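The next block holds one structure in the form of structure tokens; read it before the comments.
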Amino acid sequence: QMQLAESEGGSVQPGGRLRLSCAASGFPLDQYAMGWYRQAPGKEREGVACISGNDGLTYYADSVKGRFTISRDTSKNTVSLVIYNPLPEDTAIYYCSKENFPMCTETYGVTWRGTGARNGVWGQGTQVTVSS
């Protein structure tokens, strides 16, 4: 069955670097777009990055643009999210999710505003805490 599993979350200081991983099983990454989302207490879920399955194009939320990078390894069926410049407001539980189309939707230029409202496959999440 289609499953996802996030890992490598943890605590990081501003100026540090953190790499999150998502292992996918039951489907090929080149057939579906993949998204990274986060949710902090008291806040709505926010899509932060999406990578298209058919062509590998990437899109980011304005809040993380220039600080996060999404990538994939189709041979290993994994998707990564590297946080290069973590800020306290990045503290949240991070989830990966299979999108419903080969291309990322809810895109506006290079900006992504994904909500995951119609996504049916999610990982369990991994905690990221940014503090001094």
Side-chain angles (χ1 to χ4, degrees):
Q1 193 60 50
M2 297 180 181
Q3 292 183 322
L4 298 171
E6 305 93 339
S7 62
E8 306 303 324
S11 297
V12 64
Q13 297 181 175
R17 177 175 169 175
L18 194 66
R19 178 181 179 274
L20 310 182
S21 295
C22 173
S25 61
F27 66 95
L29 292 182
D30 60 1
Q31 292 293 313
Y32 295 95
M34 291 291 296
W36 278 99
Y37 299 79
R38 68 185 181 187
Q39 187 163 27
K43 295 185 178 181
E44 294 292 312
R45 181 173 60 211
E46 176 189 24
V48 298
C50 184
I51 182 167
S52 294
N54 59 345
D55 55 18
L57 294 178
T58 58
Y59 306 85
Y60 299 91
D62 287 334
S63 59
V64 307
K65 198 171 298 177
R67 302 188 299 111
F68 289 20
T69 298
I70 186 172
S71 62
R72 67 181 179 182
D73 185 337
T74 55
S75 67
K76 298 180 179 179
N77 238 44
T78 59
V79 181
S80 297
L81 183 71
V82 180
I83 305 174
Y84 290 100
N85 184 22
L87 300 173
E89 55 261 42
D90 295 324
T91 296
I93 301 177
Y94 283 71
Y95 302 87
C96 63
S97 183
K98 183 185 77 67
E99 303 297 318
N100 296 311
F101 304 94
M103 296 179 65
C104 296
T105 58
E106 301 173 289
T107 60
Y108 306 87
V110 297
T111 299
W112 191 49
R113 299 175 188 170
T115 64
R118 301 190 184 280
N119 291 7
V121 184
W122 296 83
Q124 292 299 304
T126 187
Q127 177 71 48
V128 171
T129 302
V130 184
S131 62
S132 299

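Sequential numbering from 1 along the given sequence is applied to the chain's residues. Remember, it's a predicted structure, so these values are computed and weren't measured experimentally.
Pairs of residues two or more places apart, or lying in two chains, that qualify as disulfide (SG to SG under 2.5 Å) and include a residue from residues 24-79 are Cys50-Cys104. Judged as a disulfide (SG to SG under 2.5 Å), not a single pair has a partner in residues 60-95 (not counting sequence neighbours). Sorted by first then second residue, the ring-ring contact (aromatic ring centres under 6.0 Å, His included) pairs that include residues 41-73, not counting sequence neighbours, number zero. Sorted by first and then second residue, the pairs that involve residues 107-132 and meet ring-ring contact (aromatic ring centres under 6.0 Å, His included), not counting sequence neighbours, are Tyr37-Trp112, Tyr37-Trp122. Note on residues 1-11: no pairs pass side-chain hydrogen bond (donor to acceptor under 3.5 Å, both in side chains), not counting sequence neighbours. Annotation: salt bridge (charged side-chain N to carboxylate O under 4.0 Å, His left out) contacts involving residues 93-106, sequence neighbours excluded, are absent.
Counting heavy atoms from C-beta outward, Val130 and Leu87 have side chains that stay 4.5 Å or more apart.
If you take CZ on Arg72 and OG on Ser52, they are separated by 8.0 Å, rounding to the nearest 0.5 Å. The line from SG of Cys96 to CD1 of Ile70 is 9.0 Å long, rounded to the nearest 0.5 Å. Here CG of Leu57 is found 8.5 Å from CD1 of Ile51. Values are rounded to the nearest 0.5 Å.
Under a cut-off of 6.0 angstrom, the local environment of CD in Gln127 is crowded, with over 12 non-hydrogen atoms contributed by other residues, nucleotides or ligands.
The other residues sharing a hydrophobic cluster with Val82 are Tyr84, where clustering joins ILVMFWY side chains under 4.5 Å apart.
Residues passing the side chain to side chain contact (heavy atoms under 4.5 Å, CB included) test with Ala40, sequence neighbours excluded: Lys43, Ala92. Partners of Tyr94 under the ring-ring contact (aromatic ring centres under 6.0 Å, His included) rule, at least two apart in sequence or in another chain, do not exist in this structure. Under the salt bridge (charged side-chain N to carboxylate O under 4.0 Å, His left out) criterion, Arg67 pairs with Asp90, sequence neighbours left out. Listed by chain and residue number, Lys65 satisfy the salt bridge (charged side-chain N to carboxylate O under 4.0 Å, His left out) test with Asp62 (two or more places apart in sequence, or in another chain).
The only option from Asp73, Thr78, Asn77 that meets the side-chain hydrogen bond (donor to acceptor under 3.5 Å, both in side chains) definition with Ser75 turns out to be Asp73. No option in Arg113, Arg38, Gln39 other than Arg38 meets the side-chain hydrogen bond (donor to acceptor under 3.5 Å, both in side chains) test with Glu46.
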With a 3.5 Å cut-off and sequence neighbours excluded, list the donor-acceptor pairs that the side chains of residues 13-36 form with protein atoms.
| from | atom 1 | to | atom 2 | distance (Å) |
| --- | --- | --- | --- | --- |
| Arg19 | NH1 | Ser21 | OG | 2.9 |
| Arg19 | NH2 | Ser80 | OG | 2.7 |

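In this structure, Asn119 contributes its side chain and Val121 its backbone to no donor-acceptor pair below 3.5 Å.
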| request: Take Val128 and Ile83, measure what side-chain contact (heavy atoms from CB on, under 4.5 Å) needs, and give me the verdict at the end. | output: CA-CA 10 Å; Val128 171; Ile83 305 174; 4.3 Å; yes
